[in-house]
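Position 1 is the first residue of the sequence, and the numbers go up from there. Values below: all heavy atoms of this structure, side chains included; hydrogens, waters and symmetry mates excluded.
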Amino acid sequence: MSIAASTSTDKIIVDKSRSHRNKAVSKTVRATRQRLQTGSSAPSGFEREMLLLHIESVLHGAMALPLLVILIAVSGIYLSGDPHILAWALLALSAHAVTIFLARKAKREDVVTEKVSVWRRRFLAGQMLTGLCWAIFTLPDCASCGEIASGLFEGTVLFIALAVTAMGTFLLRNALYYTFLPVLAALGFSSLRTGDAVDIGLTGILALSLVFLAFMTDRMNRANVHILSVQSEKDDLIAELEVAKSMSDEARRRAEEANLAKSRFLASMSHELRTPLNAILGFSEVMSTEVLGPLSNPTYKEYTLDIHRSGEHLLNLINEILDLSRIEAGKYELSEDAVNLAEIVEDCIGMVQLRARGKNITIGHQFEQAMPSVWADEKAMRQVTLNLLSNAVKFTPSGGEVSVKVGWTAGGGQYLSIRDNGPGIPEEEIPIVLSAFGQGSIAIKSAEQGTGLGLPIVQAILAKHGGQFILRSKLREGTEAIAILPPRRVLQSLPPVEDVPSLTRRRRSFA
């Protein structure tokens with residue numbers, strides 16, 4: 001047996017079986033999230049971003065290389081006493097100034113994508129110019145260094161320069177090769193010319209260090225590209241979420257405006273609709289009962305009866321639509337009082353008894369004895385009971401049976417159960433039946449079609465009371481509708497307070 005329970009509030013009276021998402025936006029967001037999880041690290045996509053980061057790195061570390069050159073020049077003069085190193089220092093500072101000038105110019109002109117390759121070649125040329133300065137540093141003859149081991153000083157300086165260059169230029173691919181290939185060429189030429197084992201060893205170690213640091217800087221470069229790729233995909237995802245949020249907000253705003261317009265329309269039209277309907281109902285009833293005299297044509301009397309029945313149907317429809325509009329707008333106020341659920345149900349059974357007898361339907365009831373009152377809106381609970389009883393009588397075939405029960409729930413609340421042996425509801429149609437204006441296939445085929453608002457109003461009223469509505473049905477076996485009120489709505493009776501004799505006043509004694 002299929003079961004459907006209502007947990008909706010008074011503003012959620014919709015078909016919950018349908019999806020209201022924007023599928024296009026949802027698909028785009030899922031695709032972007034998948035790109036974010038995989039992460040592409042292709043270097044070609046972020047050349048401009050990497051170049052801009054390199055420019056910022058050059059400008060922020062502009063004083064690092066000049067300090068190193070000055071320290072090397074001072075150390076060289078102190079150790080060897082050779083003043084020619086000052087000329088080298090001036091040349092190295094000039095080459096570094098060219099790189100700083102290029103960085104400032106690039107930042108001022110705001111490098112565009114079409115000029116990235118041009119600016120990259122310029123910075124590589126600046127690195128090559130710096131590398132030529134380091135190559136010149138290796139050219140002085142060892143005899144000019146005096147008694148100091150020039151190989152140790154030269155090697156230390158070159159390794160420090162190699163490390164500093166690797167740290168400062170890893171954002172510019174192949175910059176390390178452009179800087180220190182001239183140095184290796186100068187050292188190799190010097191080794192071949194002199195055949196000194198120190199120069200040969202220094203050349204080999206420097207070459208291995210260059211290859212290793214170039215490999216490490218390439219890995220660091222790729223890691224930064226991957227970070228940029230992830231950041232870009234995060235930005236895409238955030239942008240898609242912002243688009244989805246804006247679309248959702250716009251759709252919600254339009255829905256709220258449409259709902260408000262509908263509520264205002266119904267509120268303003270209620271008087272205009274009820275006034276002519278009351279006239280139609282009154283005059284048709286006067287004509288059908290022949291108060292002012294008999295109708296000469298019996299067909300006219302039938303027409304007046306049809307007009308009266310149609311007017312009543314239309315008035316009921318208007319009342320239900322207005323009730324649903326008040327509930328959706330949050331304007332449905334409960335007038336709560338202590339009421340007895342069993343008495344309300346018994347009165348409602350009497351109201352539908354005549355219609356049930358017309359279809360030869362038996363209504364049986366079973367009530368728990370001595371049930372306390374509940375704190376609820378009597379008019380609303382009558383509406384709930386009448387809607388459920390009317391549906392049961394409407395869809396029960398002739399000679400059928402309707403069973404009504406009122407009792408306790410397991411949690412201490414009270415329930416109303418109305419069960420019929422009608423055709424039942426298919427499982428896939430239960431969400432449709434519980435939605436506003438929703439009707440099942442059996443109701444559509446039936447001669448007694450309704451508005452499709454009865455059950456939504458029932459579950460909304462129960463939700464206002466903090467209760468629950470359960471619909472159980474099985475095809476060709478019948479339907480059971482259960483309305484449940486929570487335990488906090490049940491008023492427990494208190495025992496009478498016993499009369500206690502009043503206390504006599506004690507006299508105070510004074511010594």
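- A 4.5 Å side-chain heavy-atom check between Phe395 and Asp420 finds every atom pair outside the cut-off.
- Ion pairing of Arg382 with Asp377 is absent here, as no side-chain N (NZ or NE/NH1/NH2) approaches a carboxylate O to less than 4.0 Å.
- Side chains of Val339 and Ser373 form no contact here, defined as non-hydrogen atoms less than 4.5 Å apart.
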Could you walk me through whether Glu240 and Lys245 pass the salt bridge (Lys or Arg N to Asp or Glu O under 4.0 Å) check? CA-CA 8 Å; Glu240 294 296 339; Lys245 182 178 180 299; over 6 Å; no
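- Checked by atom type and distance alone, the side chain of Arg120 pairs as donor or acceptor with a backbone atom of Arg173 at under 3.5 Å.
- Taken to the nearest 0.5 Å, the CE atom of Met287 stands 6.5 Å off from the CD1 atom of Ile307.
- Looking at Glu257 and Arg252, no side-chain N of the basic residue comes within less than 4.0 Å of a carboxylate O on the acidic one, giving no salt bridge.
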Set out, in order, the CA-CA distance, both residues' side-chain angles and the distance that settles side-chain contact (heavy atoms from CB on, under 4.5 Å) for Asn174 and Tyr178, then state yes or no. CA-CA 7 Å; Asn174 301 325; Tyr178 278 84; 4.1 Å; yes
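- For the 3.5 Å distance criterion, the side chains of Thr169 and Gln127 fail to qualify, holding no donor opposite an acceptor.
- For the pair Lys405 and Ser403, the minimum side-chain heavy-atom distance is below 4.5 Å.
- In terms of modelled atom types and a separation under 3.5 Å, the side chain of Ser57 and the main chain of Leu53 share no donor-acceptor contact.
- More than 12 heavy atoms of other residues, nucleotides or ligands shown are found within 6.0 angstrom of CZ on Phe123.
- The backbone N or O of Glu427 lies less than 3.5 Å from no partner atom in the side chain of Lys474, so there is not a single donor-acceptor pair.
- Here Glu250 pairs with Arg253 in a salt bridge; the nearest charged N to carboxylate O distance falls below 4.0 Å.
- Summarising the geometry, atom CG belonging to Asp218 is positioned 8.0 Å from atom OH belonging to Tyr177; distances are rounded to the nearest 0.5 Å.
- Expressed to the nearest 0.5 Å, how far NE2 of His465 lies from CZ of Arg488 amounts to 10.0 Å.
- Judged by distance alone, with hydrogens and angles left aside, the side-chain atoms of Thr396 form a donor-acceptor pair with the main-chain N or O of Ala392 at under 3.5 Å.
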As a quick check of understanding, evaluate side-chain contact (heavy atoms from CB on, under 4.5 Å) for Ile363 and Gln353, giving each step before the final call. CA-CA 8 Å; Ile363 300 180; Gln353 192 68 255; 4.2 Å; yes
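- Scanning both residues, Ser390 and Val352, for their nearest heavy atoms gives OG-CG1, 4.3 Å.
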Between Arg419 and Val402, is the side-chain contact (heavy atoms from CB on, under 4.5 Å) condition met? List the steps. CA-CA 6 Å; Arg419 183 184 181 91; Val402 176; over 6 Å; no
Would you sort out whether Ser417 and Glu480 count as a side chain to side chain donor-acceptor pair (under 3.5 Å), showing the intermediate values? CA-CA 7 Å; Ser417 171; Glu480 181 180 12; 2.7 Å; yes
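- Between the side chains of Gln231 and Asp235, a donor-acceptor pair is found at a separation under 3.5 Å.
- Residue pairs meeting the ring-ring contact (aromatic ring centres under 6.0 Å, His included) criterion with at least one partner in residues 338-391, sequence neighbours excluded, are His365-Phe367.
- Separation of atoms CD (Glu378) and CG (Asn340) is listed at 10.0 Å; rounding is to 0.5 Å.
- Nearest heavy atoms, Leu485 versus Met381: CD1-CE, 4.1 Å.
- Considering only heavy atoms from C-beta on, Glu343 stays 4.5 Å or farther from Val406 through its side chain.
- Taking Ile227 as the reference, nothing meets the side-chain contact (heavy atoms from CB on, under 4.5 Å) condition, with sequence neighbours excluded.
- Listed by chain and residue number, Asp306 satisfy the salt bridge (charged side-chain N to carboxylate O under 4.0 Å, His left out) test with Arg309 (two or more places apart in sequence, or in another chain).
- Side-chain contact between Asn221 and Thr217 is absent, with no heavy-atom pair separated by less than 4.5 Å.
- Looking at Val345 and Val404, their side chains come closer than 4.5 Å, going by heavy atoms from C-beta outward.
- Ion pairing of Lys107 with Glu56 is present here, as a side-chain N (NZ or NE/NH1/NH2) and a carboxylate O approach within less than 4.0 Å.
- Considering all non-hydrogen atoms of both residues, Leu334 and Lys464 come closest at CD1-O, 3.7 Å.
- Residues Val111 and Val118 have side chains not in contact (no heavy-atom distance under 4.5 Å, counting atoms from C-beta outward).
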Hey, mind stepping through Asp110 and Arg48 against salt bridge (Lys or Arg N to Asp or Glu O under 4.0 Å) and telling me if it holds? CA-CA 10 Å; Asp110 192 11; Arg48 180 176 179 273; 3.4 Å; yes
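- Residues Gly454 and Asn387 share a closest heavy-atom pair of O-ND2, 3.6 Å.
- Atom-to-atom distance recorded for Ile457:CD1 and Phe469:CZ is 12.0 Å, nearest 0.5 angstrom.
- Smallest separation of non-hydrogen atoms from Val384 and Ala483: CG1-CB, 4.3 Å.
- For the pair Phe170 and Met216, the minimum side-chain heavy-atom distance is 4.5 Å or more.
- Using a distance-only test at 3.5 Å, with no hydrogens or angles considered, no donor-acceptor pair links the side chain of Asn360 to the main chain of Ser398.
- With values rounded to the nearest 0.5 angstrom, Met220 atom CE is found 10.0 Å from Leu213 atom CG.
- Under the side-chain contact (heavy atoms from CB on, under 4.5 Å) test applied with Leu388, the options Leu471, Ile418, Thr479 reduce to a single match, Ile418.
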For Leu475 and Ile425, run side-chain contact (heavy atoms from CB on, under 4.5 Å): C-alpha distance rounded to whole Å, both residues' side-chain angles, the deciding distance at 0.1 Å, then the answer. CA-CA 5 Å; Leu475 201 60; Ile425 304 172; over 6 Å; no
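- Shortest non-hydrogen contact noted between Val490 and Pro372 is CG1-CG, 3.7 Å.
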